[in-house]
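Values below: all heavy atoms of this structure, side chains included; hydrogens, waters and symmetry mates excluded. Residues take their numbers from the sequence shown, with the count starting at 1.
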Amino acid sequence: MSDGWRQTACILCSVNCGLEVKTEDGHLTKVRGDRAHPGSRGYACEKAQRLDYYQNGRHRLATPLRRRADGTFESIDWDTAIREVAAKLAHVRDAFGGDTIFYYGGGGQGNHLGGGYSGALRKALGSVYSSNALAQEKTGEFWVDGQLYGRPRCHTTGDFERAEVAVFVGKNPWQSHGFPRARAVLRAIAADEKRTLVVIDPRRTETAELADFHLQVKPGTDAFCLSALLGVLVQEDVIDHDFLRDHTVNEAEIFAVLRAVPVADYCTRAGVSEELVRAVARRIAAAASVSIFEDLGIQQAPHSTLNSYLEKLVYLLTGNFAKAGCMNIHTRMAGLGGGKESGKTSPVGGHRIITGLIPANAIPEEILTDHPKRFRAMIVESSNPCHSLADSRRMREALDALELVVVIDVALTETGRHAHYVLPAPSQFEKWEATFFTLEFPENVFQLRAPLFPPLAGTLAEPEIHRRLVRALGALDGVDLAPLRTAAARGRAAFAPALLQFTCERPELAGLVPVILYEVLGPTLGAGNEAVALLWGAAHTCAMSYPESVRRAGFTGDGAALGEALFEAIYTRRSGVTFTVDAYEETWRRLATPDGKINLTVPELMDELRALLRARTAPAPAFPFVLTAGERRTSTATTIFRDPAWRKKDAAGALRMSPADAASLGVADGGRVRITTKRGSAEAVVEVHDGMQAGHVSLPNGYGLSYPDPHGEPVVHGIAPNELTACEDRDWLAGTPWHKHVPARVEAV
Ligand SMILES: Nc1nc2c(c(=O)[nH]1)N[C@H]1C(S)=C(S)[C@@H](COP(=O)(O)OP(=O)(O)OC[C@H]3O[C@@H](n4cnc5c(=O)[nH]c(N)nc54)[C@H](O)[C@@H]3O)O[C@H]1N2
Ligand SMILES: Nc1nc2c(c(=O)[nH]1)N[C@H]1C(S)=C(S)[C@@H](COP(=O)(O)OP(=O)(O)OC[C@H]3O[C@@H](n4cnc5c(=O)[nH]c(N)nc54)[C@H](O)[C@@H]3O)O[C@H]1N2
Ligand code: SF4
Ligand SMILES: [Mo]
């Protein structure tokens with residue numbers, strides 16, 4: 001703490017830039033990038049300046065709420081709330097089975113520590129099924145990682161600071177970031193004539209404006225564009241044969257398909273010039289290093305999982321893997337949500353569960369049925385599925401059909417309004433917090449944030465909520481924790497073997513370890529710091545998993561001493577810690593295939609890939625436009641800010657439209673139109689945008705939230721995108737939604 005500046009982090013996107021802030025009377029009054037943060041190094045974007053709109057406002061809840069029969073809420077005290085929620089959860093468990101209690105969420109863009117404790121509650125309930133936002137964007141990609149690299153958790157990351165060629169597919173990092181110091185890195189690539197920036201996006205985005213090559217595909221045609229790119233690589237034979245020979249297997253089938261790609265035809269169907277696609281392919285083939293970032297523009301669009309596969313083939317066929325500036329498999333401080341990797345499927349619809357997550361679009365189907373194994377209760381933590389998942393109306397119906405809905409949030413959200421109980425949490429600046437978005441390579445960073453303010457009176461932090469519910473459920477009744485307490489009192493060095501012995505003797509209690517750590521190790525960290533205890537376990541697991549990388553990051557000691565050194569640094573260094581430094585060969589050691597080779601052919605995707613040859617899609621006459629429902633802009637930050645006053649521009653959340661479409665509809669900038677899809681309709685304000693192509697319109701994400709007016713009456717601001725989307729419009733394999741590709745009709749009003 002110097003000159004009153006205190007260290008924390010931004011909670012608005014997965015990059016979590018380190019910040020220094022000044023505070024006064026419970027407000028964040030000054031915000032700047034923290035130069036000492038090893039990842040962001042002083043960088044922050046404009047949105048971080050608005051964080052006080054999250055910390056303070058009429059959205060904050062300061063008492064548990066119970067819904068009355070008439071749909072209104074009454075305040076109750078915490079003892080009542082914990083007692084009743086525990087009793088009702090126990091009732092559902094005993095009547096229908098713990099596996100009918102579904103857990104959704106566990107953290108947003110800035111908070112994963114609380115969710116880390118939820119596993120203990122789920123264990124106490126026997127709840128096995130869960131999901132979160134990753135199951136509506138990244139699960140297809142994770143599944144492909146599993147096919148190519150052996151495990152879905154072999155997640156790769158780009159090295160954009162060093163890449164000679166950087167490719168963004170359905171990703172606009174100028175607005176959405178996604179890697180540290182995004183705008184600075186993009187500008188550096190654009191300014192260097194030896195480096196090349198490639199963007200594949202139907203819209204001329206801010207990133208595309210900087211690009212050397214912009215493949216302005218027609219919406220939803222990336223499978224054609226990427227196939228054409230791969231077709232050129234193979235047919236012009238500019239692939240990296242040495243890399244393929246040494247490191248990959250099963251190329252025959254995929255190569256046969258790629259040799260047969262009609263490049264010119266596919267380019268036409270994707271709406272891109274063949275010459276440009278060939279130039280991009282040759283540039284990628286010639287580069288010493290290439291990094292690629294795929295994101296929502298292909299993950300939430302037709303052929304989602306296939307797109308992820310094709311994207312990965314682009315860097316693999318050119319050997320841009322396990323090298324500087326290329327794609328590498330990163331370390332992690334802890335897993336991101338979800339349960340174990342398993343071949344299981346969802347209980348009602350039989351949907352594939354990927355990294356422990358049920359496809360988000362399938363959730364209503366798992367509830368709105370008379371199947372005996374339907375979900376009966378739902379615990380929602382730090383997420384707003386009635387707003388963020390496809391088809392909000394159906395999600396509301398699903399929640400209303402449940403016996404019990406419990407929501408843990410800082411605000412009364414669109415989801416909370418359909419809950420039986422809402423449990424209010426302190427803000428992320430009022431408790432210990434962290435995210436497990438540790439996605440970087442070769443240097444990976446983790447930051448544990450200390451509270452800036454005391455918790456708002458009437459709130460309870462998630463770890464304490466989970467602990468109290470576990471206790472109220474009686475899951476630790478009769479378990480003698482005294483030996484562990486004695487060991488903890490002697491110090492963490494004595495505690496480690498005691499905990500190991502305890503979990504060996506009582507393996508059935510292993511799932512409760514988060515709460516046990518909180519109760520036993522927590523108090524030794526000081527009052528109010530108990531929630532940090534989970535990270536002691538995470539630090540040790542991390543040091544055991546990646547000892548060499550942790551040592552390269554400057555930590556010393558053998559065995560448990562290494563984990564202890566890492567924990568000490570995490571606990572005391574407020575600006576964050578570089579916890580692993582990798583050598584590029586490490587990527588090879590992290591491959592989880594039995595032979596240590598990359599598998600190039602994914603049999604389940606071959607039919608879809610071959611079928612592209614015959615696929616002909618024409619828009620249905622009733623819906624001639626493609627709506628991108630949810631675009632990242634400077635005025636969006638998922639649903640973390642509820643007060644619309646945080647926005648400096650785009651108050652309405654304009655519908656962007658090409659000049660040609662605006663002219664033919666006879667609307668001008670600022671004019672009003674009605675947009676209609678098969679699921680809903682809304683009136684929108686138009687922004688005529690010359691980066692849009694004809695037939696494509698877009699709405700921002702994160703709008704359409706209700707916020708109380710000064711009299712406490714809720715007012716909705718802008719269009720909630722998922723009033724317009726449908727659950728069944730999703731990838732056949734991973735169930736990921738087509739939010740970026742909603743057939744729509746637009747009429748002037
Ligand atoms: N400002 C801001 N930043 C954020 C967030 C936020 O809410 N606001 N949210 C964060 C989160 S949760 C995430 S997941 C990331 C997402 O980050 P991005 O994926 O970059 O975000 P989007 O703007 O939703 O989609 C990216 C691009 O996909 C394009 N697109 C639409 N259809 C297609 C298509 O058919 N093909 C291709 N190739 N592209 C298409 C859009 O034009 C858009 O430019 O952003 C994070 N950062
Ligand atoms: N149509 C369409 N839908 C989309 C998208 C899109 O592009 N188009 N984008 C999707 C994507 S990529 C994502 S990631 C999701 C995001 O959607 P969600 O997963 O629903 O996450 P957030 O909007 O971040 O909501 C986080 C919730 O956490 C609450 N919260 C904030 N701090 C705390 C805290 O400390 N404790 C607790 N318990 N709660 C807290 C907030 O009030 C908010 O209700 O939206 C998805 N939905
Ligand atoms: S929104 Fe993202 S890029 Fe901007 S300051 Fe916050 S964490 Fe950093
Ligand atoms: Mo996301």
Side-chain angles (χ1 to χ4, degrees), residues 39 141 145 148-149 154-171 173 177-200 207-208 210-215 226 229-230 232-234 236-248 277-295 308 310-331 439-444 549 552 580-591 597-598 600:
E141 182 180 10
D145 288 334
L148 303 179
Y149 309 129
C154 294
H155 182 252
T156 57
T157 197
D159 186 6
F160 295 100
E161 295 236 32
R162 296 171 186 81
E164 183 182 317
V165 174
V167 185
F168 296 99
V169 193
K171 170 84 195 161
H177 291 81
F179 57 93
R181 309 172 59 254
R183 289 176 187 165
V185 171
L186 291 173
R187 274 200 219 97
I189 299 172
D192 186 340
E193 59 187 26
K194 294 193 220 56
R195 302 173 75 192
T196 300
L197 182 59
V198 179
V199 171
I200 305 181
T207 311
L210 292 172
D212 301 282
F213 293 99
H214 177 201
L215 298 178
L226 292 168
L229 201 58
L230 289 163
V232 174
L233 291 175
V234 173
E236 293 192 3
D237 196 20
V238 287
I239 55 185
D240 187 339
H241 289 285
D242 292 343
F243 178 87
L244 295 179
R245 185 195 54 233
D246 294 343
H247 298 298
T248 69
V277 169
R278 288 189 185 273
V280 169
R282 290 171 194 148
R283 180 67 188 95
I284 288 173
S289 60
V290 179
S291 281
I292 310 188
F293 203 132
E294 61 157 276
D295 215 342
S308 293
L310 298 175
E311 175 268 314
K312 286 169 201 304
L313 286 176
V314 172
Y315 66 77
L316 289 173
L317 299 197
T318 50
N320 286 292
F321 186 79
K323 292 193 301 193
C326 301
M327 305 303 290
N328 287 279
I329 301 177
H330 58 81
T331 58
L439 307 170
E440 296 308 314
F441 191 104
E443 276 128 40
N444 213 349
S549 304
R552 252 184 248 113
T580 48
V581 175
D582 279 324
Y584 290 94
E585 312 82 72
E586 225 97 40
T587 289
W588 291 119
R589 289 200 275 281
R590 289 190 192 133
L591 267 194
K597 305 249 165 140
I598 298 166
L600 290 180

Original post:
For the side chain of T587 and the backbone of I329, is there at least one donor-acceptor N/O pair under 3.5 Å apart?
Top reply: yes
Original post:
Would you say D212's side chain and L197's backbone share a donor-acceptor pair under 3.5 angstrom?
Top reply: yes
Subject >> Nearest atoms (heavy-atom pairs only) where L229 meets V280 >> reply: CD1-CG1, 3.8 Å
**OP:** Run the numbers on Y584 and D159 for side chain to side chain contact (heavy atoms under 4.5 Å, CB included), then give the verdict.
**Re:** CA-CA 11 Å; Y584 290 94; D159 186 6; 3.2 Å; yes
Original post:
To the nearest 0.5 Å, how far apart are NE2 in H241 and CG in D246?
Top reply: 12.5 Å
**OP:** Could you grab the distance from atom NZ of K171 to atom CD of E294, nearest 0.5 Å is fine?
**Re:** 11.0 Å
**OP:** Please report the closest heavy-atom contact between K194 and D192, naming both atoms and the distance.
**Re:** N-OD1, 2.9 Å
**OP:** Report yes or no: does R195 contribute a side-chain atom to a donor-acceptor pair with the main-chain N or O of A163 at less than 3.5 Å?
**Re:** yes
Original post:
Is there a donor-acceptor pair closer than 3.5 Å between any side-chain N or O of E164 and the backbone N or O of A288?
Top reply: yes
Original post:
Between the side chain of T196 and the main-chain N/O of V165, is any donor-acceptor distance below 3.5 Å?
Top reply: no
Original post:
How far does CG of D582 sit from CZ of R552, to the nearest 0.5 angstrom?
Top reply: 6.5 Å
Original post:
Any side-chain heavy atom of L600 sitting closer than 4.5 Å to one from L244?
Top reply: yes
**OP:** Would you indicate whether the side-chain heavy atoms of F168 and P173 approach each other to under 4.5 Å?
**Re:** yes
Subject >> Distance in Å, K323 NZ paired with E585 CD, rounded so as to fall on 0.5 Å steps >> reply: 13.0 Å
Subject >> Closest approach of G178 to F293 (non-hydrogen atoms, all atoms of both residues) >> reply: O-CE1, 3.4 Å
Original post:
Is there a donor-acceptor pair closer than 3.5 Å between any side-chain N or O of S289 and the backbone N or O of C326?
Top reply: no
Subject >> Note, L148 side chain near F321 side chain (heavy atom, < 4.5 Å) >> reply: no
Subject >> Under 3.5 Å donor-acceptor, N328 side chain and F441 backbone >> reply: no
Original post:
Do you know the tightest heavy-atom contact between T318 and N320?
Top reply: OG1-ND2, 2.8 Å
Original post:
Is there side-chain contact between L233 and L230, with heavy atoms separated by less than 4.5 Å?
Top reply: yes
**OP:** Determine the interplanar angle of the W588 and F243 rings, folded into 0 to 90°, and report it as parallel if under 30°, tilted if 30 to 60°, perpendicular if over 60°.
**Re:** tilted
Original post:
Should T156 and K312 be marked as a side chain to side chain contact (heavy atoms under 4.5 Å, CB included) after you check the CA-CA gap, both sets of side-chain angles, and the distance that decides it?
Top reply: CA-CA 10 Å; T156 57; K312 286 169 201 304; 4.0 Å; yes
Original post:
Is it true that a side-chain atom of T157 and a backbone atom of L439 form a donor plus acceptor pair closer than 3.5 Å?
Top reply: yes
**OP:** Using atom types as modelled and distance alone, determine if a side-chain donor or acceptor of R162 lies under 3.5 Å from a backbone N or O of A324.
**Re:** no
Subject >> Closest heavy-atom pair and its distance - R590, S549 >> reply: NH2-OG, 3.4 Å
Subject >> Side chains of L316 and T248 in contact at under 4.5 Å (non-hydrogen atoms) >> reply: no
**OP:** Work out which heavy atom in G39 is nearest to a heavy atom in R181; give both atom names and the distance.
**Re:** O-CD, 3.8 Å
Original post:
Is the shortest heavy-atom distance from the side chain of E311 to the side chain of I200 under 4.5 Å?
Top reply: no
